[in-house]
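Okay, so here's the structure we're looking at.
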Amino acid sequence: MNKDSLAPHSAGPAPESPSLADLLTPRPVQARPAPADASERPALRAVPPSLTQVPAHADHTADSAATVPLLLVQAPAPQGALALVWMQRLLGGAQPHVAPSLYTVAEQVRQLQPHAVLVQFDGANVDAATALVAQLQQAFPHIPRLAIGHAQEAPCLLAALRAGVQDFLDLDAPLEPAQRVVSQLLARPAAVDHRRADTAPITALLSARAGLGCSLLASHLAWQLQEGLSPAHGAKATAPASHAADAQSLHTLLLDMGSSGGDCAIYLNTPGEFSLADALSQQRRLDKRMAASALSRHPSGLRLLTMPRHAALPAPGEIDALVQRLGQYFEHLVLDLGADTPVPVMAEVLPQASEVWLVCDQSVASVVWTAELLQQLQAMGVAADRIELLVNRHDSRLELAATHMAAQLQLPLLGRIPERRRPLMQEVNRGQLLQAQRRSEPYVKAVAQLADQLLAEHHPQRPGHRSSAAGPLQTLLQRLRGH
């Protein structure tokens, strides 16, 4: 089934439109194979069974055939294998990119920028395919979404059209109508998404086990970033009007996204009535003015959004769309994912993070569970070069050295946060952060160094932030002043 009214919008065919063969012949190989062990990782148990990984024998290397800029998401075998054979016939022997799993679709779309994503709708995967199309519509509205399947299966056809696909390619129909649709897609230049050009960098912190101090660390880091980004802390305000302007300014946002959220609000002593669930339900009304007035505000100016305890799982694409929207209002986003954030939420937000910091302590159990978490991140499509290890509660007297942990996990060691639970708890129990009272504390210095790295990397234009590359005299003066 191929309705012209459902076809992707285009400026109209050229007077001499190239044929499908002409479009396929000169194209170089563009395949980007997924990790070889992606289909064997235990982490993929979290993938809905209705969208399974591609069998090993379906892996196509670059030298087998030319690859076209189309991304295929198959149904489970045997229907998925039939769809791939049909696509090869449709493309005259060329091959589309194939998504190894549900969690790699978003990352592959982001990397490949295909001309279209083709999602197979079958009786075994209708719900998962519908959810995926909705997620793609939210995250990549500029890229056409097509469904393939059997038009005689009415539930699949209706589900695909209701999900918002631009066309439905019938596997039982002649190839010519589908080839015309594909020819139009390949003849057009790839669409470019300009929404992310001005979005804020995202720093995500997560841990494999609860109780490792991830939320407390995220709270201190967000406070440090707010201090570095807020101009009010670089120079004293000279007029009362500047105080009002600072109250409406949006520099740093801390999102507590764990399913048992609320710890960051306690550590910051900043309760609020507007939660992350409220922001999700009202994100169409959530403009910059509403964000400045509705979000919880720490005295430093740091804004906070917390997921309510036992909140319902957001619909696919909602979290990603909200993070994109908030990234246009703030200068930096800090995500506290902790150890209990739902896997679908992690799969949406982590691939777009600028850096992902795995918080771990000096125990064998933490290293083992962090290794499994790392496999999950890789299966979700998180780029390996964005993941770093952060050893919290570090004690140099312990035999398990931070460098040895990083070597075991094959991760770069970002830093060591010293063991300071007693002074931390003393200040937190008073409703204050440690750094607000003791800037010369070892814990505060370690977190400040992390914040300085983020400021230097993402906000080098900010005047007056403490740079880690400061000269010896500046460093000495900062130490004498207690910074």
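Between Arg386 and Leu350 the shortest side-chain heavy-atom distance does not fall below 4.5 Å. Using a 4.5 Å heavy-atom threshold, the side chains of Val349 and Asp320 count as separate. Taking 4.5 Å as the limit, every side-chain heavy atom of Val356 sits out of range of all side-chain heavy atoms of Leu337. For the pair Ile143 and Pro114, the minimum side-chain heavy-atom distance is below 4.5 Å. Residues Val391 and Met405 meet the side-chain proximity criterion, which asks for heavy atoms closer than 4.5 Å. Using a 4.5 Å heavy-atom cutoff, the side chains of Leu313 and Pro344 are in contact. The closest side-chain heavy-atom distance from Val119 to Arg145 is not below 4.5 Å. Contact annotation: the side chain of Leu206 never approaches that of Trp357 to less than 4.5 Å [non-hydrogen atoms, C-beta and beyond].
Shown here for Thr341 and Gly258, the closest heavy-atom pair between the two residues is OG1-CA, 3.6 Å. The heavy-atom pair separating Pro201 from Glu331 by the smallest distance is CD-O, 3.2 Å. Shortest non-hydrogen contact noted between Val367 and Leu409 is O-CD2, 3.6 Å. Minimum heavy-atom separation, Asn269 to Gly431: CB-O, 3.4 Å. Taking every heavy atom of both residues into account, Pro314 and Ile319 meet most closely at CG-CG1, 3.8 Å. The nearest pair of heavy atoms linking Val364 to Leu400 is N-CD2, 4.1 Å.
The backbone N or O of Gly262 lies less than 3.5 Å from a partner atom in the side chain of Asp256, making a donor-acceptor pair. Listed for the Glu318 side chain is no donor-acceptor partner under 3.5 Å among the backbone atoms of Leu280. A donor-acceptor contact shorter than 3.5 Å is absent between the side chain of Asp361 and the backbone of Ser366. No side-chain donor-acceptor contact under 3.5 Å links Glu427 to the backbone of Pro423. Panel note: side chain Asp336, backbone Leu255; no donor-acceptor pair is recorded below 3.5 Å. The closest donor-acceptor contact from the side chain of Gln224 to the backbone of Ala451 lies at 3.5 Å or more, if one exists at all. A side-chain donor-acceptor contact under 3.5 Å links Asp278 to the backbone of Ser275. For the pair Glu388 (side chain) and Pro412 (backbone), a donor-acceptor distance under 3.5 Å is absent. No donor-acceptor distance shorter than 3.5 angstrom exists from the side chain of His251 to the backbone of Ser230, with no hydrogens or angles considered. Using a distance-only test at 3.5 Å, with no hydrogens or angles considered, a donor-acceptor pair links the side chain of Arg303 to the main chain of Gly301.
To the nearest 0.5 Å, atoms CG (Leu411) and CG (Asp385) are separated by 11.5 Å. Summarising the geometry, atom CZ belonging to Arg393 is positioned 8.5 Å from atom OH belonging to Tyr443; distances are rounded to the nearest 0.5 Å. In this structure, CG on Leu216 lies 5.0 Å from CE on Met425, to the nearest 0.5 angstrom. Taking CD of Gln226 as the start and CH2 of Trp223 as the end, the distance is 10.0 Å to the nearest 0.5 Å. Summarising the geometry, atom SG belonging to Cys214 is positioned 10.0 Å from atom CG belonging to Asp340; distances are rounded to the nearest 0.5 Å. Put simply, CG on Leu295 and OG1 on Thr270 are 12.0 Å apart, with the number rounded to the nearest 0.5 Å.
If you look at His220 and Tyr267, their ring centroids are not closer than 6.0 Å.
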Run the side chain to side chain contact (heavy atoms under 4.5 Å, CB included) test on Leu455 and Leu225 for me, step by step, so that the C-alpha distance in whole Å, both residues' side-chain angles and the decisive distance to 0.1 Å come before the verdict.
CA-CA 7 Å; Leu455 291 171; Leu225 286 174; 4.1 Å; yes

Residues Thr203, His332; criterion side chain to side chain donor-acceptor pair (under 3.5 Å); working and verdict:
CA-CA 8 Å; Thr203 302; His332 206 109; 2.9 Å; yes

Gln113 and His142: CA distance, side-chain angles, deciding distance, side chain to side chain contact (heavy atoms under 4.5 Å, CB included) verdict:
CA-CA 10 Å; Gln113 290 296 308; His142 62 294; 3.3 Å; yes

In sequence, state the C-alpha distance, the side-chain angles, and the governing distance for Leu71 and Leu118, and then conclude on side chain to side chain contact (heavy atoms under 4.5 Å, CB included).
CA-CA 6 Å; Leu71 181 61; Leu118 294 89; over 6 Å; no

Please evaluate residues Gln120 and Val73 with respect to the criterion side chain to side chain contact (heavy atoms under 4.5 Å, CB included), reporting the C-alpha separation (whole Å), side-chain torsions for both, the decisive distance (0.1 Å), and the verdict.
CA-CA 6 Å; Gln120 184 177 4; Val73 182; over 6 Å; no

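Counting heavy-atom neighbours within 6.0 Å of Gln410 CD, excluding the residue itself, gives a total of 12 or less.
Residues Gln362 and Asp395 have side chains that never bring a donor and an acceptor to within less than 3.5 angstrom of each other. Between the side chains of His458 and Glu355, a donor-acceptor pair is found at a separation under 3.5 Å.
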